[in-house]
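Input: a single structure, listed below in structure tokens.
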Amino acid sequence: MKIYNTLTKTKEEFKPITPGNITMYVCGPTVYNYIHIGNARSVIAFDTIRRYLEFKGFKVNYVSNFTDVDDKMIAEAQAEHVTVPDLAERYIKAYREDIEALNVEQATKNPRATHEISAIIKFIQKLIAKGFAYESDGDVYYHTKKFKNYGQLSSQNVAELEEGASKHINVEEQKRKEDPIDFALWKRQKEPDEIAWDSPWGKGRPGWHIECSVMATKYLGDTIDIHGGGQDLEFPHHENEIAQSEAATGKKFVHYWMHNGFVTVGTSQEKMSKSLHNFVTVHDLLQKIDPQVLRFFMASVQYRRQINYSSDNLKQAQVILQRFKNTLINVAYRLKDNSESQTSIDLTAAIKETEQKFISAMDDDFNVQNALSAIYDLLPKINDNVNAKNSDKNALKQVQKNLTKWLAIFGIDTEKLTTSDKQNDDSQVEKLIQEREEARKNKDWAKSDALRDELKQMGVIVEDTPQGTRWLRE
């Protein structure tokens, strides 16, 4: 298996620190609002990666944090006249509901920054003791230039960063910093009613970057296998995490850095973000579309590629998912009949070949598009066998099993998928189907056709097969 490592800019053979076990940290949301589908991209991409690693037999210790205190949290809480903890509780609950609907596996642990204050303070004290940080008028800053590899992850030049920072930093902050590119580890309390904790440097709160360094090392160890997040986190967030963590521990922080592509919108393919006001929240979208369609749409693009969000692209994903669904329904229907079974060497070989292509694609930096193409190419062969006079029941059972496990990697629950058509008017549909069967037996073709048309008006497709009449919704 090969993974593209953002740090080295190459695909590398994946070798976990401990054979059979993987430590994985993915930056979670700042919980001041509902997540939009740009945020969900990262959640779904790394859940899909995690599921494949588990499919391969690895035990994955998966940690994803909640940032529940920062400038955005404070500003939103003040605007809504609520406390920061109350705001966090509301949107953590909303986040959990959204990702549950999207069939995202629960993390091994979801630590929260505000629950780790004492650990954060100790971590900062260690950096000060080692000469990598300094206190200034109640703030604590990281001395960036003292970390020799700063900028390696995001291919940034320190001299250029310094020049750029000096143009944007305000005078008051510059007085407190020794260098414009130094970043905050601890921020002093600005207003008496602002959320704050006691510290050796006075009342204040942690900076954003230090939170992830502390939670990653506390729950996964000084060196972890995989660290993931969106491309927008490469700099400065992940760059700062490396500087903090490696300065504190003296060890390599992460073996494989992975970053997912953006979600874009419109013909100009502008990045979706709250700041640009061009976002769609998962909460709102799930009121309109099947969660499995959204999940499949997001999971069916290789994690490093950008996704262009549009109603047309959503519909295309729905069409492909419907094809998988119809095939599963066809297989289940055929397995119910009592006709003779005939071994199909071709189908058995095709299933084996598909498995090999699927694994080969996913082992190549989780190339989900090629993996899904391999499965999609198998569908005509499956349906040909389903429609044969004597189908291969054993091969169809294997198909059923494989499609279930393959699609599960993309977060698709095949049981829910194939039963999602069940509605309250099924009894009426069954009644009309029975009436049509009686008409066909009596050779009343006019009535049979009329009933078929009535069912079509209800969105029901009727199929007459050698095994009997079956129906499904459009």
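Given the structure is predicted, the values throughout are model-derived calculations rather than measurements. Heavy-atom basis, side chains included; hydrogens, waters and symmetry copies ignored.
Residues Glu246 and Lys251 are not paired through a salt bridge, judged by the lack of any N-O separation under 4.0 Å between the basic side chain and the carboxylate. Asp364 and Lys11 are joined by a salt bridge, as a carboxylate oxygen and a charged side-chain nitrogen come within less than 4.0 angstrom of each other. Taking 4.0 Å as the cut-off between side-chain N and carboxylate O, Asp68 and Arg112 count as a salt-bridged pair. A salt bridge is absent between Arg440 and Asp449; no separation between the charged side-chain nitrogens and carboxylate oxygens falls under 4.0 Å. Between Lys56 and Asp363 there is a salt bridge, with a side-chain nitrogen of the basic residue lying less than 4.0 Å from a carboxylate oxygen of the acidic one. Using a 4.0 Å cut-off between charged nitrogen and carboxylate oxygen, Asp290 and Lys416 do not count as a salt-bridge pair.
Side-chain contact check for Tyr309 versus Leu285: some heavy-atom pair is nearer than 4.5 Å. Val254 has its side chain out of reach of Ile242: every pair of non-hydrogen atoms, C-beta onward, lies at least 4.5 Å apart. Side-chain contact between Val69 and Trp197: present, with at least one pair of heavy atoms (C-beta onward) separated by less than 4.5 Å. Counting heavy atoms from C-beta on, the side chains of Leu396 and Ser391 come closer than 4.5 Å. For the pair Leu335 and Gln400, the minimum side-chain heavy-atom distance is below 4.5 Å. Looking at heavy atoms from C-beta onward, Glu239 lies out of side-chain contact with Glu234 at the 4.5 angstrom threshold. By the 4.5 Å heavy-atom criterion applied to side chains, Cys212 and Asn65 are counted as neighbours.
Here the OG1-CG distance, from Thr281 to Leu286, works out to 8.5 Å after rounding to the nearest 0.5 Å. One finds the CG atom of Leu87 at 8.0 Å from the OG1 atom of Thr83 (value rounded to the nearest 0.5 Å). Atom CG of Asn39 is separated from atom CD1 of Ile44 by 11.0 Å, given to the nearest 0.5 angstrom. Rounding to the nearest 0.5 angstrom, the gap separating the CZ atom in Phe358 from the CG atom in Asn367 is 11.0 Å. Taken to the nearest 0.5 Å, the CE atom of Met24 stands 8.5 Å off from the CZ atom of Arg50. We find the CG-OG1 distance between Asp222 and Thr217 to be 6.5 Å, quoted to the nearest 0.5 Å.
Closest of all the heavy-atom pairs between Ser64 and Cys27 is OG-C, 4.2 Å. When every heavy atom of Arg41 is checked against every heavy atom of Gly261, the shortest pair comes out as NH1-O, 3.2 Å. Residue Ala395 comes nearest to Ile351 through the heavy atom pair O-CD1, 3.5 Å, listed as atom of the first residue, atom of the second, then distance. For Asn313 against Asn308, the heavy-atom pair with the smallest separation is ND2-O, 2.8 Å. A pairwise comparison of heavy atoms in Leu314 and Val293 identifies O-CG1, 3.9 Å as the closest pair.
Annotation: Gln287, atom CD; neighbour count of heavy atoms from other residues, nucleotides and ligands within 6.0 Å is above 12. Residue Gln316 qualifies as open at atom CD: its count of foreign heavy atoms under 6.0 Å is 12 or below. Within 6.0 Å of the CD atom in Glu105, the count of heavy atoms belonging to other residues, nucleotides or ligands exceeds 12. The neighbour count for Lys336 NZ, taken as heavy atoms of other residues, nucleotides or ligands under 6.0 Å away, does not exceed 12. No more than 12 heavy atoms of other residues, nucleotides or ligands lie within 6.0 Å of NZ in Lys72, so this atom counts as exposed by the packing criterion. Around NZ of Lys405, the count of heavy atoms belonging to other residues, nucleotides or ligands within 6.0 Å exceeds 12.
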- Query: So Ile37 and Met298, side-chain contact (heavy atoms from CB on, under 4.5 Å) or not? Walk me through it.
  - Reply: CA-CA 9 Å; Ile37 60 172; Met298 302 290 279; 4.3 Å; yes
- Task: Begin from the C-alpha positions of Asp337 and Lys393 and carry the test salt bridge (Lys or Arg N to Asp or Glu O under 4.0 Å) through to its verdict.
- Result: CA-CA 10 Å; Asp337 77 57; Lys393 301 294 179 60; 3.3 Å; yes
- Item | Steps toward salt bridge (Lys or Arg N to Asp or Glu O under 4.0 Å) verdict (Lys93, Glu89) | CA-CA 6 Å; Lys93 181 175 182 290; Glu89 289 298 333; over 6 Å; no
- Stepwise side-chain hydrogen bond (donor to acceptor under 3.5 Å, both in side chains) test for His283 and Glu97: CA-CA 9 Å; His283 177 80; Glu97 289 172 353; 5.5 Å; no
- Item | salt bridge (Lys or Arg N to Asp or Glu O under 4.0 Å) between Lys357 and Glu353, worked out | CA-CA 6 Å; Lys357 287 182 177 179; Glu353 183 183 1; 3.3 Å; yes
- Task: Show the numbers, then the answer: is there a side-chain contact (heavy atoms from CB on, under 4.5 Å) between Lys9 and Ser155?
- Result: CA-CA 10 Å; Lys9 312 297 185 287; Ser155 302; 3.4 Å; yes
- Decide side-chain hydrogen bond (donor to acceptor under 3.5 Å, both in side chains) for Asp346 and Ser344; before the verdict, give the C-alpha distance in whole Å, the side-chain angles of both, and the deciding distance to 0.1 Å. CA-CA 5 Å; Asp346 288 345; Ser344 170; 5.6 Å; no
- Quick one: do Phe123 and Ile210 satisfy side-chain contact (heavy atoms from CB on, under 4.5 Å)? Show the steps, please. CA-CA 8 Å; Phe123 202 97; Ile210 195 68; 3.5 Å; yes
- Message: Before you tell me yes or no, could you show the steps for Thr23 and Asn61 under side-chain hydrogen bond (donor to acceptor under 3.5 Å, both in side chains), namely the whole-Å CA-CA distance, both residues' side-chain angles and the distance that decides it to 0.1 Å?
- Response: CA-CA 5 Å; Thr23 49; Asn61 188 355; over 6 Å; no
- Task: Dump the intermediate steps for salt bridge (Lys or Arg N to Asp or Glu O under 4.0 Å) on Glu76 and Arg90, then the final yes or no.
- Result: CA-CA 12 Å; Glu76 185 61 27; Arg90 185 202 312 164; 6.0 Å; no
- Query: Hey, mind stepping through Asn383 and Asn330 against side-chain hydrogen bond (donor to acceptor under 3.5 Å, both in side chains) and telling me if it holds?
  - Reply: CA-CA 7 Å; Asn383 287 309; Asn330 291 343; 3.1 Å; yes
- Could you give me the CA-CA distance, side-chain angles and deciding distance for Tyr91 and Tyr32, then say whether ring-ring contact (aromatic ring centres under 6.0 Å, His included) is met? CA-CA 6 Å; Tyr91 287 115; Tyr32 69 102; 7.8 Å; no
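The aromatic rings of Trp257 and His238 sit tilted relative to each other, their planes meeting at an angle between 30° and 60°. Relative orientation of the His237 and Trp208 rings is parallel, given thresholds of 30° and 60° on the angle between their planes. Using bins of under 30°, 30° to 60° and over 60° for the plane-to-plane angle, the ring pair Tyr95/Phe66 lands in the perpendicular bin.
Cation-pi check for Arg304 over Tyr4 is met; the charged atom lies under 6.0 angstrom from the ring centroid and within 45 degrees of its normal.
Exactly one residue among Val331, Asp413, Leu328 makes a side-chain contact (heavy atoms from CB on, under 4.5 Å) with Thr418. That residue is Leu328. A side-chain contact (heavy atoms from CB on, under 4.5 Å) with Arg51 is found for exactly one of Ile49, Asp47, Thr48, namely Asp47.
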Give the table of side-chain donor-acceptor pairs shorter than 3.5 Å for residues 369-382, with sequence neighbours excluded, one pair per line with atom names and distance.
| from | atom 1 | to | atom 2 | distance (Å) |
| --- | --- | --- | --- | --- |
| Gln369 | OE1 | Gln302 | N | 3.0 |
| Ser373 | OG | Gln369 | O | 3.0 |
| Tyr376 | OH | Arg323 | NH1 | 3.4 |

